[in-house]
Amino acid sequence: MNFVGTLLLINLLIIYVKCQFSISSPISFVLDEFSNIATYTKCKFVECCINEYVISDIDKLDDMFKKELYGQTIAQSVVINALRGHLTSSNPPKALSMSFHGPPGTGKTYISQMIAKFLFKNGDGSKFYHFFNGRNDFPLENKVNDYKEELYKIIIKSLQNCERSMFIFDEVDKMPEGVLNVLVPFLDYHTKIKLWRLDNNFINTTKAIYIFLSNTGSIGITQRLLTLWKEGKQRTMTKLQDFENIISVRAFNEKGGFYHSDTIDSNLIDHYVPFLPLEEVHVRECLKKAFVNRGVYPTSEMIKEALSYVTFGPPPDNIYAIAGCKRLEQKVASIIYANKKQTEL
């Protein structure tokens with residue numbers, strides 16, 4: 001048996017012995033102290049649900065958003081304020097649920113990864129972090145009930161280990177209808193789920209975080225932003241209220257995981273966060289970062305060449321990148337290699 005396993009066995013023995021004595025007995029007090037020492041030692045070797053591993057450094061996350069999230073002032077503000085309000089409460093009324101909507105390549109996945117990085121010491125490698133992909137993890141329409149049962153078990157187990165667990169659902173628009181209905185008891189207000197029918201053991205569901213990523217509503221977001229632009233409203237002056245209702249209505253009525261979902265119908269999604277389509281100025285920032293990440297400071301010619309691969313729309317204005325910053329890393333790698341090859345000749 002390894003060292004951590006030995007500690008777990010000691011804890012079980014302590015619990016057993018404590019049950020043989022009154023709660024207020026001296027032996028019980030000593031055992032409590034010994035149990036605390038054993039737990040502390042164990043957490044030096046494995047991830048535990050304590051402040052050392054569940055960090056919640058929102059100020060640092062906010063700084064990172066400002067440096068690396070381009071053109072998404074609404075998303076940045078909404079997400080940071082929502083996280084700050086949720087994580088600073090010792091007894092939040094419900095789990096935090098946010099649904100990110102927008103065209104591909106606008107930062108939805110990137111921002112969720114950054115949240116995991118600053119919420120957990122082990123980042124997206126934390127055992128309290130769970131990532132589901134709608135296309136890969138829930139591929140079959142006729143398996144909805146199986147998916148719901150498995151998802152329920154995963155969430156229960158994670159919340160037992162840590163109430164601050166985080167669950168990401170990517171490509172929600174590719175999920176079968178009905179799967180997300182299993183989340184209703186986990187997202188509802190002041191919910192405590194009983195673990196065993198004949199026992200008084202409960203888990204608190206209100207401290208967890210759920211984030212949904214979807215392209216649903218992208219057309220509506222782009223059309224609304226374009227209309228505001230034509231009306232003379234600057235991008236930086238747009239507000240959440242300009243987009244939130246458009247997103248919720250389209251998410252509820254378009255095919256996908258949220259189609260007529262109880263999570264929306266029961267008003268359990270706290271924030272519908274719009275990720276606006278990116279303009280050329282934002283794509284340029286993405287390109288610069290991609291070059292620098294590979295140790296190359298790009299020339300204006302290199303940026304221009306990379307931009308030639310980007311398609312803008314919708315016509316006739318063509319001011320938004322259709323795929324945002326998606327696939328730019330590959331284009332940048334190709335340009336760097338081509339230039340290196342030419343230099344060597």
Side-chain angles (χ1 to χ4, degrees), residues 4 8 11-12 15 35 39 42-43 46-58 79 82-99 112-113 115-134 137-138 144-170 172 175 178-213 257 261-263 266-271:
V4 173
L8 291 174
N11 269 325
L12 289 174
I15 293 171
S35 178
T39 300
K42 180 193 73 173
C43 293
V46 298
E47 183 181 26
C48 296
C49 190
I50 58 177
N51 289 339
E52 182 182 346
Y53 291 98
V54 185
I55 305 169
S56 306
D57 193 343
I58 302 303
V79 171
L83 287 171
R84 198 184 300 278
H86 183 72
L87 295 174
T88 56
S89 173
S90 59
N91 186 30
K94 68 182 294 294
L96 175 62
S97 57
M98 299 183 286
S99 192
S112 64
Q113 290 172 339
I115 293 171
K117 180 179 179 180
F118 287 97
L119 185 60
F120 302 111
K121 179 180 179 180
N122 294 341
D124 57 11
S126 170
K127 65 182 180 183
F128 309 133
Y129 170 88
H130 303 272
F131 181 90
F132 305 93
N133 181 277
D137 294 314
F138 314 102
V144 168
N145 289 334
D146 293 338
Y147 297 149
K148 289 168 69 174
E149 183 178 350
E150 183 64 23
L151 186 56
Y152 186 88
K153 291 177 181 177
I154 291 172
I155 295 175
I156 287 288
K157 184 177 179 180
S158 186
L159 293 179
Q160 282 182 273
N161 291 328
C162 188
E163 293 177 341
R164 289 290 189 190
S165 292
M166 180 177 174
F167 305 90
I168 305 291
F169 296 86
D170 193 13
V172 170
M175 291 176 62
V179 173
L180 294 179
N181 288 341
V182 76
L183 299 181
V184 169
F186 297 105
L187 299 180
D188 214 343
Y189 287 83
H190 299 290
T191 304
K192 288 186 178 180
I193 295 180
K194 195 168 185 178
L195 294 179
W196 294 283
R197 186 173 299 174
L198 301 178
D199 205 335
N200 287 321
N201 288 286
F202 294 86
I203 57 169
N204 183 2
T205 67
T206 65
K207 294 184 179 182
I209 297 174
Y210 299 80
I211 298 178
F212 308 93
L213 315 178
S261 172
D262 292 345
T263 55
S266 302
N267 296 307
L268 297 178
I269 305 297
D270 301 313
H271 305 281

So which atom in [X] and which in [Y] form the shortest heavy-atom distance, rounded to 0.1 Å?
X: Ile211; Y: Met166; result: CD1-CE, 3.7 Å
X: Cys49; Y: Asn161; result: CB-O, 3.5 Å
X: Tyr210; Y: Ala208; result: CE1-CB, 3.8 Å
X: Ile269; Y: Ser99; result: CG2-CB, 3.9 Å

*In Å, rounded to the nearest 0.5 Å, how long is the span from CD1 of Ile154 to CG of Leu159?*
12.0 Å
*With rounding to the nearest 0.5 Å, note down the distance linking CG in Asp270 to CD1 in Ile209.*
11.0 Å
Is the backbone of [Y] close enough, under 3.5 Å, to the side chain of [X] for a donor and an acceptor to pair up by distance?
X: His130; Y: Phe169; answer: no
X: Ser266; Y: Leu268; answer: no
X: Asp188; Y: Val184; answer: no
X: Asn181; Y: Asp262; answer: yes
X: Tyr129; Y: Leu119; answer: no
X: His86; Y: Ala95; answer: no
X: Lys94; Y: Leu187; answer: yes
X: Glu47; Y: Asn122; answer: no
X: Ser158; Y: Ser165; answer: no

_Student check: side-chain heavy atoms of Leu183 and Leu151 closer than 4.5 Å_ = yes
*asked:* Please determine whether the number of non-hydrogen atoms from other residues, nucleotides or ligands lying under 6.0 Å from atom NZ of Lys207 exceeds 12.
replied: yes
*Name the orientation class of the two ring planes belonging to Phe132 and Phe138 (parallel below 30°, tilted from 30 to 60°, perpendicular beyond 60°).*
tilted
_Test side chain to side chain contact (heavy atoms under 4.5 Å, CB included) applied to Ile55 and Phe118, step by step_ = CA-CA 7 Å; Ile55 305 169; Phe118 287 97; over 6 Å; no
